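Please read all numbers here as calculations on a predicted model, not as lab measurements.
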Amino acid sequence: VGQQGEEATQLLASLMDRSPEDPAVQAAIARHHAWIENFYPAPADLYRGLGQMYSEHPEFRAFYEKYRPGLADFMQAAMGHYADTALAA
C-alpha cells in the first residue's frame, strides 16, 4: 500500500508544470484518492480538508516539499478540484 502512495506522489510531482485541473493531474489525484481510501473513506469534504492539511500543517508540508518545492500547494489545489468535480454528491 505504501508503494501506491509513493507512486501517486511522484507522479503528481512530475506533473506540476500543468494546471491542477489538467486531466492528467486529475487522473493522478484519482490514484491518490484511491490510495487514501485503503485507510478510510474519503468523501469530498474530508478529501478537500486533507489537501488543506497537506498545505497548512508544517510536517505534512515538509514531507511533500521534499518531493518538489510547491507540491503541497499543488496537491491542495488538485485535491480541491477533484473533490468539487469527481466526489461532489
Side-chain angles (χ1 to χ4, degrees):
V1 173
Q3 172 116 9
Q4 185 182 355
E6 176 72 17
E7 289 172 0
T9 303
Q10 288 180 354
L11 179 58
L12 285 161
S14 76
L15 294 170
M16 283 178 60
D17 59 327
R18 300 177 185 223
S19 163
E21 296 84 19
D22 183 278
V25 174
Q26 288 299 295
I29 282 291
R31 286 180 60 184
H32 179 266
H33 180 260
W35 172 67
I36 292 296
E37 288 209 319
N38 284 308
F39 305 102
Y40 49 83
D45 287 346
L46 189 146
Y47 195 62
R48 188 180 303 102
L50 187 62
Q52 186 174 350
M53 188 173 68
Y54 287 174
S55 179
E56 294 177 1
H57 189 282
E59 289 180 33
F60 280 103
R61 184 173 192 84
F63 176 81
Y64 287 106
E65 296 295 299
K66 286 188 302 187
Y67 284 89
R68 188 167 171 188
L71 181 58
D73 292 336
F74 181 76
M75 286 184 69
Q76 179 184 8
M79 290 167 75
H81 183 74
Y82 186 78
D84 292 342
T85 57
L87 301 178

Legend entry - Contact summary for Leu12 and Val25, nearest pair of heavy atoms: CD2-O, 4.0 Å
Legend entry - Shortest non-hydrogen separation from Pro43 to Leu87 and the atoms involved: C-CD1, 4.2 Å
Legend entry - Chi angles and distances behind the side-chain contact (heavy atoms from CB on, under 4.5 Å) call for Met79, Tyr54: CA-CA 10 Å; Met79 290 167 75; Tyr54 287 174; 3.7 Å; yes
Legend entry - Point-to-point distance, once rounded to the nearest 0.5 Å, from NZ of Lys66 to CG of Leu71: 12.0 Å
Legend entry - Main-chain N/O of Met53 paired with Gln76 side-chain donor or acceptor, under 3.5 Å: no
Legend entry - CD on Gln3 to CD on Gln10, rounded to 0.5 Å: 8.5 Å
Legend entry - Flag, side chain of Asn38 to backbone of Trp35, donor-acceptor distance under 3.5 Å: yes
Inset, instruction - Locate the shortest heavy-atom distance separating Leu46 from Pro41; write the atom from each residue and the value. - result: CD1-O, 3.9 Å
Inset, instruction - Please round to the nearest 0.5 Å and tell me the distance separating atom CD of Glu7 and atom CZ of Arg31. - result: 5.5 Å
Side-chain donor-acceptor pairs of residues 13-20 under 3.5 Å, sequence neighbours excluded:
{"from": "Ser14", "atom 1": "OG", "to": "Leu11", "atom 2": "O", "distance (Å)": "2.7"}
{"from": "Arg18", "atom 1": "NH1", "to": "Asp22", "atom 2": "OD1", "distance (Å)": "3.3"}
{"from": "Ser19", "atom 1": "OG", "to": "Glu21", "atom 2": "N", "distance (Å)": "3.1"}
{"from": "Ser19", "atom 1": "OG", "to": "Glu21", "atom 2": "OE1", "distance (Å)": "2.4"}

Legend entry - All ring pair (Phe, Tyr, Trp, His ring centres under 6.0 Å) counterparts of His33, not counting sequence neighbours: Tyr47, Tyr82
